[in-house]
There are 2 protein chains.
Amino acid sequence: MNPPSLSPRKRRKEARPGELLAAALDLFVARGYAATRLEDVAQQAGVSKGTLYLYFENKEALFKAVIREGILPVLAENEEIAARHEGSTFALLEKLLNNWWLRIGRTAYAGIPKLMVAEANNFPELAQFYYEQVISRCRALLGAALRRGMADGEFRPLDIEVAIDVIIAPILMLLIWRHSLASCAPREHDPQHYLQLHMDLLRQGLSRSQV
Amino acid sequence: MNPPSLSPRKRRKEARPGELLAAALDLFVARGYAATRLEDVAQQAGVSKGTLYLYFENKEALFKAVIREGILPVLAENEEIAARHEGSTFALLEKLLNNWWLRIGRTAYAGIPKLMVAEANNFPELAQFYYEQVISRCRALLGAALRRGMADGEFRPLDIEVAIDVIIAPILMLLIWRHSLASCAPREHDPQHYLQLHMDLLRQGLSRSQV
DNA sequence: ACAATTAATGACCAACCGGTCATTAATTTA
DNA sequence: TAAATTAATGACCGGTTGGTCATTAATTGT
């Protein structure tokens, strides 16, 4: 039916998974989980749909692999940073934010939080996975930092669990906005500037002594 | 084919649109725009799919009608509150937040921001509509308040456009969280408590004089 | 009572997509 | 070189859904 062997059908067992994961990240982030067709993922990775199923059991496994390969290592890195840190707790918050920006915020992985928010209700399996693997660890990390800051009097006393949410919210919204309605807005804001203002408000808002 | 007139086929031209809009809001919020089947909307409103198309041209028109009927009136209300307000600007922010909570935050409409974020990329038509009708007006309202607070020295000087985003972020994330991954979290936080903490941080973070 | 009007129905269509599997062919082994 | 192995393919299946339209029947007017 098609011209014989016009397709350069090469066997590259080692490279396929990585290329499929990269294509999957791109398309999942651009279109969401449900709306991403596996045939498109395969095509963008330069293989056929059948080949994708050779390397990943199904759509869900493919998605989980994207998270595992891309997000979890950065989390481990930030946990390491917190463990090694000496100095003011606010400086630790800045370090964590900075590394997060370099490894997630400015990369394609920045689209994952919006995707999870968007699909959580329709794919509870995925939501559970993401909550346990990513969110709970993030919260634990930030919670420990806040406790540290309050314990030595750098921060004023606050409900830790609630404060975690309030503090992370603008950071998450930055990503969510840029991956959803930002295209409708007349002008794009500078993310560095946005994060700077958030940290400014936070420095003054958290402080115990009114500097 | 089916038992004759077992169905209580009643003609209720006046009531149908409202009932269809209520059902649509419920399902759109629960499942998202793309994943909501119009047959389910019709069924929940007690009519057949054909009847839905008698009152709304298509899925998009149905969704826009939900926004128009439910969200825009509240926006007008808040614009009115701001116009009439006298007293400190921070008190105005509290008034606006309070009315927003009563009319949107604690109702089913609270699910709309998550829906828009989730579907914006795949339905640019809808995103444009929402940005122009809702978001730009919200931003204008908050921007005017911030300008007022800075002009009379109550707030310290900040980049208005960026501050709008940073300040709204935790409020939006409250809704987004509750309509997405909250079901995975072990314990539910009290939204009033969350908003209170946000306003506390903000009062101290925005203030010029260090009270 | 009977015809005219129109609200309401639901079978149907075309398009779409996750996942399967028999077939093809690149590569390795002997 | 020939046989064995396995990477890669793509036609196909079952299930789904937005939207259409010919038909049915509730209501209204005379």
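Per chain, numbering begins at 1; letters A, B, ... match sequence-line order.
- For the side-chain hydrogen bond (donor to acceptor under 3.5 Å, both in side chains) condition, the pairs that include at least one residue of residues 103-119 of chain B, sequence neighbours left out, are E77(B)-R103(B).
- dC16(C) atom P lies 13 Å from atom CZ of R31(A), rounded to whole Å.
- Of the candidates dA8(C), dA8(D), dC16(C), the closest approach to any side-chain atom of S48(B) belongs to dA8(C).
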Protein and nucleotides 19-22 of chain D: nitrogen or oxygen contacts under 3.5 angstrom:
| unit_1 | atom_1 | unit_2 | atom_2 | d |
| --- | --- | --- | --- | --- |
| dG19(D) | OP2 | Y53(B) | OH | 3.0 |
| dG19(D) | OP2 | K59(B) | N | 3.2 |
| dG19(D) | O5' | Y53(B) | OH | 3.4 |
| dG19(D) | N7 | K49(B) | NZ | 2.9 |
| dG19(D) | O6 | K49(B) | NZ | 2.3 |

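- To the nearest 0.5 angstrom, I104(B) atom CD1 is 13.0 Å from I171(B) atom CD1.
- Here CD of Q196(B) is found 10.5 Å from CG of L201(B). Values are rounded to the nearest 0.5 Å.
- For the pair E14(B) CD and dA7(C) C1', the interatomic distance rounds to 12 Å; values are reported in whole Å.
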* **Verdict with reasoning, N121(A) to H179(B), per side-chain hydrogen bond (donor to acceptor under 3.5 Å, both in side chains)** => CA-CA 8 Å; N121(A) 280 332; H179(B) 285 85; over 6 Å; no
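- Regarding K10(B), its NZ atom lies at a distance of 6 Å from the P atom of dT27(D), rounded to whole Å.
- Within the nucleic acid shown, F56(A) has no heavy atom closer than 4.0 Å to any nucleic acid atom.
- In this pair, W177(B) and Y131(A) present their aromatic rings tilted. The plane angle is within the 30 to 60° band.
- The distance from atom CG of D40(B) to atom P of dT17(D) is 8 Å, rounded to the nearest whole Å.
- Within a 6.0 Å sphere centred on CD of E125(A), heavy atoms belonging to other residues, nucleotides or ligands number 12 at most.
- Here dA8(C) presents its C1' atom at 12 Å from CG of L20(B), a figure rounded to the nearest Å.
- Among the candidates L92(B), N98(B), N99(B), the single residue satisfying the side chain to side chain contact (heavy atoms under 4.5 Å, CB included) test with L96(B) is L92(B).
- Between the C1' atom of dT23(D) and the CG atom of L54(B) lies a distance of 14 Å, rounded to the nearest Å.
- The nucleotide whose nearest atom lies closest to any side-chain atom of R37(A) is, among dT9(C), dT9(D), dC16(C), dC16(C).
- Between dA8(C) and Y55(B), a contact under 4.0 Å exists linking OP1 or OP2 to a side-chain N or O.
- The pair E57(B)-K64(B) does not meet the salt-bridge criterion, since no charged nitrogen lies less than 4.0 angstrom from a carboxylate oxygen.
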Using the 3.5 Å cut-off, write out each protein N or O paired with an N or O of nucleotides 3-6 of chain C and the distance between them.
| unit_1 | atom_1 | unit_2 | atom_2 | d |
| --- | --- | --- | --- | --- |
| dT6(C) | O2 | R11(B) | NH2 | 2.5 |

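- Between R187(B) and E161(A) a salt bridge is recorded (basic side-chain N to carboxylate O distance below 4.0 Å).
- In this structure, CZ of R16(A) is placed 13 Å from P of dA26(C), rounded to the nearest angstrom.
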